[in-house]
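What follows is a single structure, written as structure tokens, with notes after it.
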Amino acid sequence: MPELPEVETIVRDLRPHLVGRTLTRADLIRASVLRFADPATFQARTEGHRVGSVRRRGKFIHLGLSGGEHLVIHLGMTGTLTLQRRDEPRAVHTHLVLEMDDRRQLRYRDPRRFGRILLGRPGQLERSGALPRLGPEPLSPNFAQSGFAEALRGSGRQVKAVLLDQAMVAGCGNIYADEACFLARVRPDRRAHTLSRAEAGRLLLALPVVMREAVRLRGTSFSDFRDGFGAKGEAYEALFVYGRGGLPCVRCGGTLQQTRLGGRTTVYCNRCQS
DNA sequence: CCCCTATCCTGAGGGC
DNA sequence: TGCCCTCAGGATAGGG
């Protein structure tokens, strides 16, 4: 499941290969992945346009096109966006192929189709609700001053629910929510308003730490995630808790607890996390 | 406001 | 070898 570090890895991979290139062909194989636009309009507004920027906001990938519109991609659970040669065989569940003027192709594949593609001007996409309101970016240098810790302490919800709320903090998903809670030594089922200033401060610091480390390792690939070139990331082996329910805690050696919180698998150490 | 559940969807893995 | 079941969970919608 691509979260912030995985999407960031893809964006960094693709950026040098895409910026400055012109899209010569847009082949929308499965039109249903496109939201708020029809295929003909999509083709007309992408073909012949130049890619000016490749950026990430939360878990969204923005390709800034000449003319001012953004091609916005959310990878959902199983989405991949990879650069491939034109002659490479096309994998099943490939929904969009963008061919560039160097004859290479950017291919969007998503077996479970939880992902989506949008096209429009950024302001208009936000106003229409096509793009949700997103909270501060954990990788931003201003994150510590974003007010996240105060907003966290003002919520009556469980800490994990707050971390997964994209309007509270952008880009956090199930894996890094658990990792941040472990690093901050906070139980994910704590009510956020019961957190001390110190605990909220530790979570504020933990989010960028776990995410920067995952970016350094090029993302977590326990199942579907692939980088911009189709390769796996190395972060799964470095995770503290996610996927390790029943195994020993790396800090105290106690058995990690696995439960369900808000419908999500949640792993924590009941000795280290209070 | 918040919680819970269902929905979308495919593939992997377990039990028999 | 095949069939059925469960599970994985990002986002969203609807009910309580």
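Within every chain, numbering begins at 1; the chains are lettered A, B, ... in the order of the sequence lines, protein sequences first and strands thereafter.
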Summarise protein proximity over nucleotides 10-15 of chain C in one line of letters, 5' to 3': B for base, S for sugar-phosphate only, - for none, counting protein heavy atoms closer than 4.0 Å. BBS---

Residue pairs involving residues 111-135 of chain A (criterion side chain to side chain donor-acceptor pair (under 3.5 Å); sequence neighbours excluded): none

What one should report as the nearest heavy-atom pair of L256(A) and C269(A) is CD2-CB, 3.6 Å

So, S146(A) side chain and F148(A) main chain: donor-acceptor pair closer than 3.5 Å or not? yes

Are any of R35(A)'s side-chain N or O atoms less than 4.0 Å away from OP1 or OP2 of dC8(B)? no

Pick base, sugar-phosphate or nothing for F225(A), based on heavy-atom distances below 4.0 Å to the nucleic acid. nothing

Listed partners of E237(A) passing side chain to side chain donor-acceptor pair (under 3.5 Å), at least two apart: none

Using a strict 4.0 Å threshold on nitrogen-to-oxygen distance, state whether R218(A) and D13(A) make a salt bridge. yes

Taking the six-membered ring of F182(A) (Phe, Tyr or Trp), confirm whether the NZ or CZ of R251(A) is under 6.0 Å from its centre and within 45° of its axis. yes

Can I get a per-line list of side-chain donor-acceptor pairs under 3.5 Å for residues 162-177 of chain A, giving both atom names and the distance, sequence neighbours left out?
| from | atom 1 | to | atom 2 | distance (Å) |
| --- | --- | --- | --- | --- |
| D165(A) | OD1 | A167(A) | N | 2.9 |
| D165(A) | OD2 | R157(A) | NH1 | 2.9 |
| Q166(A) | OE1 | G171(A) | N | 2.9 |
| Q166(A) | NE2 | L164(A) | O | 3.2 |
| Q166(A) | NE2 | C172(A) | O | 2.8 |
| N174(A) | OD1 | K160(A) | NZ | 2.6 |
| N174(A) | ND2 | T265(A) | O | 3.0 |
| Y176(A) | OH | E6(A) | OE2 | 2.6 |
| Y176(A) | OH | T220(A) | OG1 | 2.7 |

Dot-bracket encoding of pairs in DNA chain C, which uses [ ] for pseudoknotted crossings and | for another strand, Watson-Crick or G-U under 3.5 angstrom: .|||||||.|||||||

Nucleotide N/O to protein N/O under 3.5 Å, stretch nucleotides 3-5 of chain B:
| from | atom 1 | to | atom 2 | distance (Å) |
| --- | --- | --- | --- | --- |
| dC3(B) | OP1 | R191(A) | NH1 | 2.9 |

I'd like to know whether R109(A) forms a side-chain hydrogen bond (donor to acceptor under 3.5 Å, both in side chains) with H95(A), so could you lay out the CA-CA distance, the side-chain angles of the two residues, the decisive distance to 0.1 Å, and finally the verdict. CA-CA 6 Å; R109(A) 175 176 186 263; H95(A) 306 312; over 6 Å; no

Looking at every strand, decide which applies to R109(A) at a 4.0 Å heavy-atom threshold: base, sugar-phosphate, or nothing. nothing

Within less than 4.0 Å of OP1 or OP2 of dC9(B), is there a side-chain N or O belonging to T78(A)? no

